[in-house]
Amino acid sequence: MSVSAASYPDLRERGVLVSGGGSGIGAALVEAFARQGARVAFFDIAEAASRDLARRLATEVLHSPRYFEVDVRDIDAYKAAIAEALAVTGPVKVLVNNAARDDRHELAELTPGDWDESQAVNLRHVFFATQAVVPAMQAAGGGSIINFASIAYLLNMGELPAYATAKAGIVGLTKSLAGRLGPDNIRVNAILPGMVLTERQLRLWVDEAAIASMVKQQCLKRSLSPQDIVGPCLFLASEASASITAQSIIVDGGVL
Ligand SMILES: NC(=O)c1ccc[n+]([C@@H]2O[C@H](COP(=O)([O-])OP(=O)(O)OC[C@H]3O[C@@H](n4cnc5c(N)ncnc54)[C@H](O)[C@@H]3O)[C@@H](O)[C@H]2O)c1
């Protein structure tokens, strides 16, 4: 099933930053914002996929998305890349904190190093990217920050203790930042996707039986694709949601 995304004229020419924009949901977001006429910069370690995406879109959109190769676990490097991106996109009013890695861990085998690594790839960068972007949003008169959490932390998924903790943390962080940044007209919301069939999910974790089991739990009897996340994210980025902040929006086809 194809999912159409609404058109938001206020996103045209808007500076938009997306972490993890090289593949999966992030790539769908980069493309969708670019097709709205936004000036998009995205950050990823997946160089080949990211360069392919930027190249493919270059001839099709008003402003070619700009790719910055950076590991979001390296906060200094990430902040430097954000500063560079701000210089090329102009005033930034949208930040999408999407990069993550949903590694599985056995309870008995998870080390302190694994734990810290999971928080670094799934949670820590969300705060520091926000810290780096807020002055630009203040100067621009406001903005919208969209943090990617997950329904995983609400589902008793025993194989994901570190990832689930990070994703629960994103919901708390979203509330805290929304309170702190509301007076600056900066909105902060979270999206909690359900099972979305990205290339990585299909390659590593999800088979026909898992898809059937999830669809059975959903109200909507079809699986979700990255396109299902695009509409809610564009809505939260645009002024159409001008009074919505501090919220966590579940996009899971009706599991929870
Ligand atoms: N797909 C799902 O079913 C699902 C479900 C719930 C939540 N989510 C969340 O949605 C978001 C997008 O998920 P997805 O399924 O598209 O993931 P994905 O793995 O398909 O894509 C994630 C992107 O982030 C990049 N990335 C990973 N580590 C990085 C790092 N250290 N530095 C820079 N970039 C890095 C990857 O290269 C990749 O391009 C994530 O926050 C994820 O936790 C996804």
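Both counts, for ligands and for their atoms, begin at 1 and track the order of listing. Nothing fancy with the numbering, it's 1 onward along the sequence.
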**Q** Geometry only, no angles: is Val121 polar-contacting ligand 1 at N/O separations under 3.5 Å?
**A**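 No, no N or O pair falls under 3.5 Å.
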**Q** One thing to verify: whether Asp71 and Arg124 come together as a salt bridge, which I'm taking to mean a side-chain N less than 4.0 angstrom from a carboxylate O.
**A**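 Salt bridge flag = no for Asp71 with Arg124.
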**Q** Write out the residue and atom name of the closest protein heavy atom to atom 7 (C) of ligand 1, then the distance separating them to 0.1 Å.
**A**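 Result: Ala149 O, 3.3 Å.
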**Q** I'd like to check whether Ile25 has a polar contact with ligand 1, where a contact means an N/O of the residue lying under 3.5 Å from an N/O of the ligand.
**A**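 Right, the criterion is met.
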**Q** Could you identify the single nearest non-hydrogen protein atom to atom 1 (N) of ligand 1 and state the distance to 0.1 Å?
**A**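 Heavy-atom neighbour on the protein nearest atom 1 (N) of ligand 1: Val196 O, 3.1 Å.
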**Q** Would you check the N or O atoms of Arg101, main chain and side chain alike, for any that come under 3.5 Å of an N or O of ligand 1?
**A**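 No: no nitrogen or oxygen of Arg101 is under 3.5 Å from one in ligand 1.
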**Q** What's the shortest heavy-atom distance between Cys233 and Leu29, and which atoms?
**A**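 Scanning both residues completely, I find the closest heavy atoms to be CB-CD2, 3.7 Å.
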**Q** Around atom 31 (N) of ligand 1, find the nearest protein heavy atom and jot down its residue, atom name and distance.
**A**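 Its nearest protein heavy-atom neighbour is Asp71 OD1, 2.8 Å.
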**Q** Could you see if Val134 belongs to whatever hydrophobic cluster contains Val94? Use Ile, Leu, Val, Met, Phe, Trp, Tyr and a side-chain cutoff under 4.5 Å.
**A**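 No, Val134 and Val94 fall in different hydrophobic clusters.
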**Q** Can you pull out the closest protein heavy atom to atom 15 (O) of ligand 1? Residue, atom name and distance to 0.1 Å, please.
**A**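 For atom 15 (O) of ligand 1, the nearest protein heavy atom is Thr198 CG2, 3.3 Å.
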**Q** Run the numbers for me: atoms of ligand 1, each under 4.0 Å from some heavy atom of Gly194, listed by number.
**A**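 Those atoms are 2 (C), 3 (O), 4 (C), 5 (C), 6 (C).
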**Q** For residues Tyr78 and Phe128, establish whether the separation of their ring centroids is below 6.0 Å.
**A**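 That pair fails the under 6.0 Å test.
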**Q** Take atom 19 (O) of ligand 1 and look for protein heavy atoms under 4.0 Å from it; say yes if you find one, no if not.
**A**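 When distances to the protein are checked, atom 19 (O) of ligand 1 has a heavy atom within 4.0 Å.
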**Q** Would a distance-only check, ignoring hydrogens and angles, find a side-chain to backbone donor-acceptor pair under 3.5 Å from Asn122 to Arg101?
**A**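 Side chain of Asn122 to backbone of Arg101: a pair is present.
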**Q** Do ligand 1 and Ile151 have nitrogen or oxygen atoms that lie under 3.5 Å from each other?
**A**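 Ile151 vs ligand 1: no N/O contact under 3.5 Å.
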**Q** For atom 40 (C) of ligand 1, what's the nearest protein heavy atom and its distance?
**A**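 Going atom by atom, the protein heavy atom closest to atom 40 (C) of ligand 1 ends up being Asn98 O, 3.1 Å.
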